Amino acid sequence: MESTRERWSSRSAFLFAVIGSAIGLGNVWRFPYITYENGGGAFLIPYLIALITAGIPLMILEYYVGHFTQSAPPIAFRKIWHRAEWAGWFAILLIFILSTYYCTIMGWCVNYLYYSFDLGWGNTAESVKAFFNNDILQLSSSPSVLGGIRLPIVFGLALVWLWIYLSLFKGVETLGKIVYFTVIIPWLIIVIMVIRGLTLPGAIEGIKFYLTPDFSVLLKPKVWLAAYGQIFFTLSLAMGTLIVYASYLHEESDITVNAFLTSIANCLTSFVAGFAVFSTLGYLAQTLGVSVKDVTTSGIGLAFVTYPMAISLLPVAARFFAALFFLLLLTLGIDSAFSMTEPVVESIVDKWGAKKKYVLPVICVLGFLVGLPFTTRAGLYWIDIADHFITNYGITVVGLLECIIIGYVLGAKKARSYINQVSEMKIGIWWDIFIKFLTPAFLGTSLVFQFVNLIKKGYGGYPIWTTYTGMGLIIFLALTAIILAKRKGAV
Ligand code: TRP
């Protein structure tokens, strides 16, 4: 079994694949606005601490799990502890749902790319907003009013799934070549956007806004939660991708240096992308004669409302930059998207010995179908709700389980001695301390803290039944994971 496993053709293929998975929509719209909302420049402190205390230790752990077991998450965890298989399936189900709405957002990007050629969204605050809400989404009045499917979004979604299929069907070796393009192209675009942004009038105000620290925020628990949440999201942690990618490494490959390289490359990309976004917002503020604070909208709105508006107002080549921006989002997103599908397919192949060439198309079609509710007129609400529950609760639970399974059941020391045996850089006892105590302590506290908040307030000002639906989804996925783990496999 082991000897026939697919392999990366080189170390850099693996590095690019992981970096491609990590760098995605999370770096270009999520990082900048999270940074801004949580104290600007000062946020970089908790962010770096989260990277060092949770991001890198867990990344090393996941590389270890894949590398050591040479399996996708369910079987990987089972090999470590016979009761742990369900934790792997839980991660896989979470990532499957994540892929369905991540691809829907990319489907919006496909539509925006089309409209870039005539700047269909106009250049006033009202027109851009109306374009997003009415023309693209036809947003309904509440999560309970689904109001039918939006065909242009379905079309975009189908294209994205086709793109995923075409990227994956030739196997890992070809994938290792595709990722050079899907990493280098967005990097080049980011560089162009940074240069364009920084040379615009008003850019400095935007950058000041991005980086001026407000140290008082360091005392707020919410800021620390946001930092850890962002690190988990941006590094593609706790969802199986890193385990599967590491399982395609040769037995003698390095673990620790790879973990440092990939996480630092990802976080630097976020930091640099922040300059592109905020310099442009500075320009927008100056053009409108308002302060930068008044033009920033948080969340999804930043990429689909504020930024397109700023681009429409560019003095030259606005259409070109608009197309470039949505091409950026698409090329950034695609390697994250296919890194969500590969673990699902590989887990099924691993457990039941099914053929990848049959499993892959089935999963792509299924992913497309499960994504359809997100293309309805209430889709935006449901993406927001699903994302909240999956990225906050799902990822935290899986991270905790990983710490327990490796740190206690297997023993952190045992894992560390294997890691040090294959790695160029040796890790010390600090890693055990993180995996056994600090990371789980933080994850546990954050889980309790968020849960209490949720019980008190529900999520996001939506009707309370949506909170129950979100919680229900997580419980349903956990139960399904247990059932899958109980089923007999071929190996
Ligand atoms: N890291 C990706 C981004 O920043 C998104 C992501 C979150 C992801 N979790 C993941 C990708 C798990 C792959 C696997 O956009």
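Note that the structure is predicted; figures quoted are calculated from it, not measured. Because only heavy atoms are used, hydrogens play no part in the values below, and waters and symmetry mates are left out as well, while side chains stay in. Just so you know, ligand 1 is whichever comes first in the structure, and atom 1 is the first atom listed for that ligand.
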Any chance you could measure L225, atom CG, to S446, atom OG, to the nearest 0.5 Å? 5.0 Å
State whether the number of non-hydrogen atoms from other residues, nucleotides or ligands found under 6.0 Å of Y114 atom OH is greater than 12. no
Do the two ring centres, one from W121 and one from Y112, sit under 6.0 Å apart? yes
Any non-hydrogen side-chain atom of F325 less than 4.5 Å from a side-chain atom of L113? no
Do the rings of Y418 and Y64 sit parallel, tilted or perpendicular, given the 30° and 60° boundaries? perpendicular
Within the heavy-atom cut-off of under 4.0 Å, ligand 1 is lined by S21, A22, G24, L25, G26, N27, I95, L98, Y102, F233, T234, S236, M239, T241, S336, S339, M340
With sequence neighbours excluded, tell me which residues meet salt bridge (charged side-chain N to carboxylate O under 4.0 Å, His left out) with E346. R5, K356
